[in-house]
Each structure stands twice: as structure tokens, then as C-alpha cells.
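Please read the structure below before turning to the comments.
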Number of protein chains: 2
Amino acid sequence: MKSFFSHFKIQVNSSLYLKDPHSSELGERIIYKSINLIDELGFEHFTFKKLAIEINSTEASIYRYFESKQKLLFYLINWYWCCVEYRLVFETANISDPRARLTKAIHILSSIPDGDSEAINSVEVPLKKLAMNESIKVMMTKEVDAENKEGVFSVYKSIVKRVVEIIKEINPKYPYPNMLVSSLIEGSNQQRFFEAHLPGLTNFKEGQDQVEQFYMDLVFKVLMNE
Amino acid sequence: MKSFFSHFKIQVNSSLYLKDPHSSELGERIIYKSINLIDELGFEHFTFKKLAIEINSTEASIYRYFESKQKLLFYLINWYWCCVEYRLVFETANISDPRARLTKAIHILSSIPDGDSEAINSVEVPLKKLAMNESIKVMMTKEVDAENKEGVFSVYKSIVKRVVEIIKEINPKYPYPNMLVSSLIEGSNQQRFFEAHLPGLTNFKEGQDQVEQFYMDLVFKVLMNE
DNA sequence: GCAAATATAATAGTAATACTATCATTTATG
DNA sequence: CATAAATGATAGTATTACTATTATATTTGC
């Protein structure tokens, strides 16, 4: 159990920072404040200058922690992915029925966690919102291959792999488990964006989590054996 | 039939340009060259300055046609959406079986068209690649609500609506047709990006269009009545 | 408690970006 | 051929995404 815990100590890939932001008070101010500020401005309008003003510091100081705003966003997204993997492991650990485990996994991947009862820390919910609205912009770039080589996507891949394993228990013949999981993760983020801004592309209903229900229905139907 | 054709004369929403690029030779050089250049550099590294050099013109001249590079990209994406709607209407027009019509629609939405036999013009294929890799970056921004009000998404919504109608013929009780279609459109683009750069998230197989097959399988299973 | 190391702040500077403005020149049109 | 319209050439601004330098705090090791 020891190696298990050490794996889940929320430790973001060190290629994403120049200096560990958790190692100092300024570092913590940088990451905590950037979550709000990116959310507020949108990543395009977010700058280190604006962040520096918010935390009463300077651009130069922030650059000692992160080499670019893209890396900072990747850091935050990785932090979120670490939260998700943690929950995925612990919340499915003692469920023996693979279908119940998959239900739990779909919930974790597609819903916005309840801050009080589900989130493992105070930033999981705001991080989820960041990942939802901004992550795809730093993923779908020309730099993706270089970043992949640095290991930026290892946690993400590990999450997909874990859920794929559950799917294989339920229907080992299903030919597209990886695509099903990755399209669920990214698709649910996008559907929530659409719900908020382009509801005509969705089947929005007040007071119901249509996104989670949509994917719950979809995944189980797709895995049905004929 | 006349009003039909006039609807499909590839006419991109006029809120997207200051001066119609199809009205002059320079305008056409701008849009044709920008397709290649955005694809080559990625939208983040694409600038009007670089485009101006490529077409032997100036930044100022390009700004007479498009108020920003975002609007230019939206213009190109809308152009692509117009191609897709055109094909969607004409290629399904005389198919009576709704399942065969849906098969065709999924093909049009999820595949990369064959330049010789399928594309309706010389830019559909490069436009598809642009839409695939870059569209989400201008869609998921803080400006989306303003752009939506200007009608930038009307063709996109119309495409979704057309496919939703087919789905309703096949299974009128299915509760999430809009989400199914919009997740298919965006998801297939992303899955193709993953295939190329993060194949571990997919079920890539040499020589097969796994993306189209994945969605073909998925949509029909999801629409099955119990 | 003090020196040395380290972290941060303050400031300055650069090249590129995303524009706007002005004016001269070319090209199309009536 | 005159006039308008389109384009080119040039310049300029504010912002961005950094890098570099030096001064001032703050921490730590002895």
C-alpha cells in the first residue's frame, strides 16, 4: 500500500516547471491565483503581467517558476488529472462489479465534482472548470509531440488505461475502448461548454446533468453484446 | 429548387468579413493562402504579417478584408461547414431509408473526404484539416456568445439539426440526439488529432479509418431500441 | 547573531504581435 | 479621360512574451 500512496501524492511532472511552485509561498500564490485568473479572462487574454499584478509580484518572478503561460496551464491541468486519477483509484478500489466500477468511472470523468462531498481538495472544482474550458487549446498545438516526449500526458494516458481495463472486463471484444474513453473525457468537457454557450447543440434541461446521463447511456449501450 | 440552390451557393456569413474576399483577386489570395499557412504554422503562430509576405501584400491590406485573424479562421471554418451542409443535403437527397441516410451523414461528418471523388471543390479537403485541428480554439473562447449573436454558428447548428432529424426518424424516443451529433462532429476531429499525435488514446490501426468505424458503430448501437 | 546563499522586487530592454492611420500610387469604371 | 476605388508603402502604438541586471529582502547554516 505504501508505493500506492506515494504514486498518488499529488506530484506534477517536473518538466512542467522550472521551480516547484509548492516549494514557496510565492509559488503557491502563482498557481492558486492563476486558476481564478485564467478562468476569469480566458487563456488567450491571460498574461503573466496581469497575474503578477494580482499577486503583487513581477513578471520576472513568475518566469522563475514557469517558462511560459502554456506550461503553467499544463501544470494546472496535470494537477487536475492527478486529482482524477486519485479519485478513480480510491473510489473504485472496493467495488467488485465491473459495471458498477464503470458507472463510478463515468461519473468521475464526466461530472463536475461536488465541492463538499466529492472533491479531494479545495482546487479540484476550479481545476475541473479550467480543464473543461481551456485544456484543449494547449493540447491541440504544434508543440504536442515535444510535450508528449517530456511526459506531459503520462497521467492522462494512465487514466484512459485504467478505464479501458474496466471496459475490457465488461466486454473484451469491444474494438474501440481507448477511443470511447478519450472521447468521453474530452467530449464531456465540450458538451458542458456547449450547454452554457450553444445550447442548441445539446439537449439541455434545467436541473439535470444531461452530460453525465448522455455518456452513461452511451457507454453502456455501446458495450452491450449485440 | 431555385431557393434550394440559392441557399447553398457557398456564401459565408457576412459578419465574418469587412470586405468579401471573393470580390477581388487579393481577397482570394488571402483566403486560399491562409488555409495553407494556418495549417503549416498552427493558428497560434499564424500572423497577418507572415500571410502578407506570402501573398506579396501588406498587413494593412489584409485588415481591409478581415478584422482579426480569429475572424479569418471563422470565415474558413464557416466555408467548410457550408461545404458539409451542401454535401449533406445533396448526397442524402434521394436515399429513402433513414438508416442509409444516417450512414451517409456519419460518413460525411466523420471522414476526411476523398479529394477526387467526394470533395465539392478544391479546398474542401484542406478546409477539413483546418477545421479538424484549429476550429475548437476559436470556438471555446470568451467571445463565443458575441459571435453566436452575430450568426457565426448558424450553419453549424443547421448541420446538427439536419442530422438530428434523421435520428428522430430512426428512434424518436432517443433523448440526446443533439448531443450525439455535436459530439460526433467535434469528437471525430479530436480523435484524428489523437491518432496522429497521441495514438495511445486511440485504437489506431494502419490502413483503416478507425475514427469513422468507431462512430458508425457507436451511433447505431446508441440508437438501438433496447 | 552574523555571513553567505538564496529568493524576490524593481527596472529596463528586445523582438514580435495585433492592430490603426496616412498618403501615394495603381487599377477599374462610367 | 476623369474619378473613384483598391492597393501598397510606410509609420506608429500598445501589448505581449520574454531576458537581463542589479538591488533588496529573507532564509539558513554555523
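Letters go in sequence order (proteins before strands), and every chain restarts at 1.
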Output the rounded distance in Å from [atom1] ([X]) to [atom2] ([N]).
X: B:Ile30; N: D:dA6; atom1: CD1; atom2: C1'; answer: 12 Å
X: B:Leu18; N: D:dA6; atom1: CG; atom2: P; answer: 13 Å
X: A:Ile55; N: C:dA10; atom1: CD1; atom2: P; answer: 12 Å
X: A:Ile53; N: C:dA9; atom1: CD1; atom2: C1'; answer: 14 Å
X: A:Leu51; N: D:dA17; atom1: CG; atom2: P; answer: 12 Å
X: B:Phe66; N: D:dT7; atom1: CZ; atom2: P; answer: 13 Å
X: A:Arg29; N: C:dA9; atom1: CZ; atom2: C1'; answer: 11 Å
X: A:Lys71; N: D:dA17; atom1: NZ; atom2: C1'; answer: 15 Å

Can we say B:Glu44 and B:Lys137 salt-bridge, meaning some charged N sits less than 4.0 Å from an Asp/Glu carboxylate O?
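Yes, charged N to carboxylate O under 4.0 Å.
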Is the shortest distance from a Lys or Arg side-chain nitrogen in A:Arg29 or A:Glu25 to a carboxylate oxygen in the other one below 4.0 Å?
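Salt bridge between A:Arg29 and A:Glu25, a charged N being under 4.0 Å from a carboxylate O: yes.
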Would you give a per-nucleotide map of nucleotides 16-30 of chain C, 5' to 3', where B means the base has a protein non-hydrogen atom under 4.0 Å away, S means only the sugar-phosphate does, and - means neither?
-SBBBB---------
Test side-chain contact (heavy atoms from CB on, under 4.5 Å) applied to B:Leu16 and B:Lys71, B:Glu147, B:Glu150, the passing residue:
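Only one of B:Lys71, B:Glu147, B:Glu150 forms a side-chain contact (heavy atoms from CB on, under 4.5 Å) with B:Leu16, namely B:Lys71.
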Would you indicate what B:Tyr65 reaches in the nucleic acid, counting non-hydrogen atoms under 4.0 angstrom: base, sugar-phosphate, or nothing?
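The residue B:Tyr65 makes sugar-phosphate contact but no base contact.
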Under the side-chain contact (heavy atoms from CB on, under 4.5 Å) rule, collect the residues that match up with B:Lys205, sequence neighbours excluded.
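Partners of B:Lys205 by the side-chain contact (heavy atoms from CB on, under 4.5 Å) criterion, ordered by chain and then number, come out as B:Gln208, B:Gln210.
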Distance-only side-chain donor-acceptor flag, A:Tyr65 / A:Ser24, under 3.5 Å
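A:Tyr65 vs A:Ser24: donor-acceptor pair found between side chains.
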Please tell me if [X] has a side-chain N or O lying less than 4.0 Å from either OP1 or OP2 of [N].
X: B:Ser24; N: D:dT7; result: yes
X: B:Ser61; N: D:dG8; result: yes
X: A:Ser57; N: C:dA9; result: yes

List the atom pairs, with distances to 0.1 Å, where a side-chain N or O of residues 55-63 of chain A and a protein N or O form a donor-acceptor pair under 3.5 Å, not counting sequence neighbours.
from    : atom 1 : to      : atom 2 : distance (Å)
A:Thr58 : OG1    : A:Ser61 : N      : 3.3
A:Thr58 : OG1    : A:Ser61 : OG     : 3.0

If you round to the nearest 0.5 Å, how far is OH of B:Tyr80 from CG of B:Leu130?
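The OH atom of B:Tyr80 is 11.0 Å from CG of B:Leu130, to the nearest 0.5 Å.
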